[in-house]
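Just so you know, these numbers use all the heavy atoms, side chains as well, and skip hydrogens, waters and symmetry mates.
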Amino acid sequence: MDILTIALPALGEALTLVFQPTQLMYLMAGVLLGLSIGVLPGLGGIAGLSLVLPFMFGMEPVSGLALMVGLIAVIPTSDTFSSVLLGIPGSSASQATVLDGFPLARKGEAGRALAAAFISSLYGGLLGAAVLTCIIFVARPLILAFGLPEMMMITILGMSMVAILAGRVPMKGVIACGIGLLAGTIGSAPAGGSLRMSTYDIPYLVEGFQLVIVGLGIYAIPEVISLLRQDSSISSSGGLGRGWTDGLRDWWRNKWLSTKCAAIGVTVGIIPGLGGSVVDWIAYGYAVQSAKNRDQFGQGDIRGVIAPESSNNAKEGGGLVPTLIFGIPGSGSMAVFLGGLALLGMSPGPAMIRQDLDITYTIVWSLALANVLGAGLCVLLSGQIAKLTTIRFTLMAPFLFMMIAFAAFQSRQSLGDLVALVGIGIIGILLRRFDFSRPAFLIGFVLSHQAEQFTNMATQIASARFRRSFEAGIDYIVTPITVTILILTVLSIIIGLRQSKNIRENIDTYTGGKRAPFVFLLAITAYVAISVADAATIDRFGDKVFPLTVGIVTLIACLAMLGKMMRRAETDDLFIDLEAGGTDGAAPHGLWWTLSWFLGLLVLTGLFGLIIALSLFMVAFFRVRAGLSWLSAVLYTAAGVSFIVFLAWVLGREFPPGLLQDVIDMPWPLR
C-alpha cells in the first residue's frame with residue numbers, strides 16, 4: 001500500500017468534511033457538552049457519551065462522530081477546574097493534578113494553574129492527534145507486541161509511582177497502597193467468582209467498589225470537610241494571583257517536559273485496557289524524577305500541573321489507535337465510543353482503515369479541532385471561574401455535598417453508593433490526618449483489578465509453556481519489552497524512595513501523643529489481618545493468590561511500623577497528627593461535628609429521598625452554619641435543588657429514594 005497516495009487524499013477529504021458548517025456546529029455542541037460535564041466532579045466521559053448515545057440513531061455519520069469526539073476530547077481539559085479549584089478530581093484522568101494544582105489555588109494562584117493546565121492539555125491533545133494521524137498504518141505491530149506479560153509489567157510500573165508519593169515515611173506509602181489494593185479485591189474474584197471480604201447478604205459488596213466512589217471519598221470528602229472547618233475562602237490570600245499569560249510562560253519554560261509527558265500519554269493510551277487511570281500518575285512521577293529541584297512538588301509546583309495535564313489529553317489520541325484499528329477499547333469511554341460507532345453503522349477495524357480512511361481521518365481532525373476549541377474556551381473562562389476560590393467556602397459546601405452525593409449515586413443507583421461514599425470518606429479523612437499517602441491508596445485501588453487479571457492470565461499461560469519446556473516459558477516471560485519496563489520500574493522505585501521525603505501531600509508536620517496514630521495503624525493492621533485470613537479460606541488458588549500475597553506483604557509492613565512506633569519518641573514523623581496543630585488543629589469547627597452535616601444528609605436521604613433531604617439539609621445548613629437569613633437560605637436552596645433536578649432531567653438520571661417512597665407513590669423527581 002502506498003501510504004502517501006492513499007493517506008494524503010483521505011486527509012484532504014476529512015478536512016473538507018470537518019469544516020462544513022453543519023459538522024462544526026455538532027463539534028461545538030460536543031465541546032460545550034463535554035465542558036459542562038467535565039466541570040462536574042465524578043461524572044466524566046462515560047456519563048457524557050452515555051448521554052448522547054440515544055441521539056446517534058439515524059444521525060449522519062460525520063455529524064455523530066463530531067458530536068462524540070468533541071465531547072470526549074475536552075472532558076480531560078474541563079475536569080481540571082474542580083481538581084485545581086476544589087481539590088476534587090474531576091475524573092480519574094485528573095487525580096494527579098490535585099497534588100499541586102489545589103495548593104496553587106490556596107496560594108491565590110488559581111488563574112496561573114488553570115492557564116498552564118489548559119495550554120498543556122491543548123498541546124497534549126494536538127500531539128495525540130498528530131501521532132494518531134501518523135501511526136494508523138504502523139501501529140498494528142506495536143499493539144500486537146504487547147501481550148499479557150508486557151501489560152502486567154506496565155501495571156507494575158504504574159504502581160512503582162507509589163515510591164515517589166510515599167511521603168516522609170515510605171512505609172506509610174507501602175501500607176496505603178496495600179490497603180488500596182486490598183480494597184480493590186473486595187467482591188467476586190474476576191477469574192473464578194469467589195467472594196472476598198463480602199457476602200451475598202450484602203449484595204452491594206459482591207460487585208466491589210467503583211472508582212468514582214473511591215475517588216470522591218478519598219479526595220472530595222476530606223478536602224470539603226477540611227475547608228468547611230476553616231469557614232474561609234479556598235484561596236488563603238483572597239486574590240487570584242497572576243493570570244493566564246503567566247501560565248503560558250510556565251508552560252513555555254517546561255515545554256520539553258510537556259512534550260515528554262504527552263508522549264507518555266500517547267504510549268499508555270495505545271495499550272488497550274490501561275486508559276486514563278494510570279497515565280497521569282506515570283507522567284507526574286516522571287516529572288518528579290527528572291526535576292533537579294523537587295522541594296515544591298506536592299506544595300504547589302507548576303510542573304506538577306503541566307505533566308499530568310499534558311499526558312491525560314494526549315492519551316485520548318493514543319486510546320483511539322486500538323479502538324479504530326482493532327475495535328478494542330483503550331478505556332471505559334472508548335468502549336462507549338465503540339457503541340456510538342455501531343449506532344452510526346460503522347465497524348472499527350482493519351476494514352475501516354482500508355475502506356473508510358476519510359472517515360477515520362475525520363475523527364483525527366475532529367479530535368485536534370475540539371482540543372483547540374475546548375482549551376480556548378477554558379482559557380477565556382479561567383479568570384472568571386477562578387474567582388470561586390475567593391467565595392466563602394461555607395456558601396459553596398452544600399452545593400458540593402449535593403453534587404458529590406448525586407455523582408456517587410450514579411455509580412449503581414443504590415443507597416449503598418452513599419453509604420460507601422461516607423465510609424471511604426472517613427478513611428480518606430484519617431489517611432490525611434495521619435499523613436498516609438492518599439495518592440498511594442488510590443493508585444493501589446485503580447490498578448488492583450487489572451494487576452490481578454493480568455497476573456492470573458500471564459501465570460496460567462506461562463505455567464503451560466513451562467510444562468512444555470523451560471525455554472518456551474522463559475521466551476514468553478522475558479522479552480525485550482518486559483525487560484525494559486522492569487528496568488524502568490526498578491529505577492523508578494530507587495529514585496522515588498530517595499526523593500519521596502520531598503514530595504509530600506501535607507506540608508505540616510505536627511505531632512501529638514502516640515495514642516491516636518497508633519490506634520489508627522492498629523485498626524489498619526486488624527483489617528489487613530482479617531483480609532489475609534479471609535483470602536486463605538478461598539478454595540480456588542487463582543482467586544486467593546493475589547489478595548493473599550498483597551495482604552501478607554501489607555501485614556508485614558504494618559507490624560514493622562507498629563514495632564517502630566513502640567520504640568520511637570512521639571515527636572517522630574511516624575506520629576504526625578494534623579489535629580495536633582496548624583490550620584486543622586486551630587480550626588474553629590470540629591472535624592466530626594462538621595462531618596456530621598454530611599452524615600445528616602445521608603440519613604435524611606435514606607428517610608425521604610435525595611430531593612426532599614437536600615431541601616431540608618440546605619435550608620438548615622445555610623441558616624444555622626452559614627448564618628444566612630431565612631429568605632437567603634430558601635433562595636440558595638431553591639437554586640441548588642433546581643439545578644440538580646435540571647441536570648438529572650437532561651442526563652436522564654434518577655435520584656436516591658428513601659423509606660418514604662416505599663410508602664407513598666410520589667412523582668419524579670421526589671420518587
- Heavy atoms, side chains only, cut-off 4.5 Å: are Leu228 and Phe401 in contact? yes
- Nearest 0.5 Å please: distance from the CE atom of Met68 over to the CG atom of Leu27. 12.0 Å
- Item | Rounded distance (nearest 0.5 Å) linking atom CG of Leu431 with atom OG of Ser437 | 8.5 Å
Less than 3.5 Å apart, which donor and acceptor atoms pair up between the side chains of residues 597-607 and the rest of the protein, not counting sequence neighbours?
| from | atom 1 | to | atom 2 | distance (Å) |
| --- | --- | --- | --- | --- |
| Thr605 | OG1 | Leu601 | O | 2.7 |

- Contact summary for Leu104 and Gly300, nearest pair of heavy atoms: CD2-O, 3.2 Å
- Query: Is any side-chain heavy atom of Leu373 less than 4.5 Å from a side-chain heavy atom of Met28?
  - Reply: yes
- Message: Applying the salt bridge (charged side-chain N to carboxylate O under 4.0 Å, His left out) criterion to Arg112, which one of Asp250, Asp301, Asp100, Asp246 satisfies it?
- Response: Asp250
- Message: Side chains of Ile175 and Leu521, heavy atoms from C-beta outward: is any pair under 4.5 Å?
- Response: yes
- When the ring centroid of Phe655 is compared with that of Phe608, is the distance short of 6.0 Å? no
- Validation row: Phe643, Phe399 side chains within 4.5 angstrom (heavy atoms): no
- Message: Any heavy-atom pair between the side chains of Leu205 and Thr199 that's under 4.5 Å?
- Response: no
- Given side chains that start at C-beta, do those of Val645 and Trp668 come closer than 4.5 Å, heavy atoms only? yes
- Supply the atom-to-atom distance Phe622 CZ to Trp630 CH2, rounded to the nearest 0.5 angstrom. 13.0 Å
- Which heavy atom in Val305 sits nearest to a heavy atom in Ala113, and how many Å separate them? CG1-O, 3.7 Å
- Query: If you draw a 6.0 Å radius around CG in Asp665, do more than 12 non-hydrogen atoms from other residues or ligands fall strictly inside?
  - Reply: no
- Task: To the nearest 0.5 angstrom, please state how far the CZ atom of Arg432 sits from the CD1 atom of Ile221.
- Result: 13.0 Å
- Message: Ignoring hydrogens, what is the shortest heavy-atom contact between Arg433 and Ala516? Give both atom names and the distance.
- Response: NH2-CB, 4.1 Å
- Is the gap between the ring centers of Phe434 and Phe575 under 6.0 Å? no
- Task: Give a yes or no on this: more than 12 heavy atoms of other residues, nucleotides or ligands lie within 6.0 Å of atom CZ of Phe617.
- Result: yes
- Query: Is there side-chain contact between Tyr636 and Val641, with at least one heavy-atom pair below 4.5 Å?
  - Reply: no
- Query: Partners of Ser642 by side chain to side chain donor-acceptor pair (under 3.5 Å), sequence neighbours excluded?
  - Reply: none
- Query: Between the side chain of Arg623 and the main-chain N/O of Leu628, is any donor-acceptor distance below 3.5 Å?
  - Reply: yes
- State, with a plain yes or no, whether a side-chain heavy atom of Thr594 is found less than 4.5 Å away from one of Arg625. yes
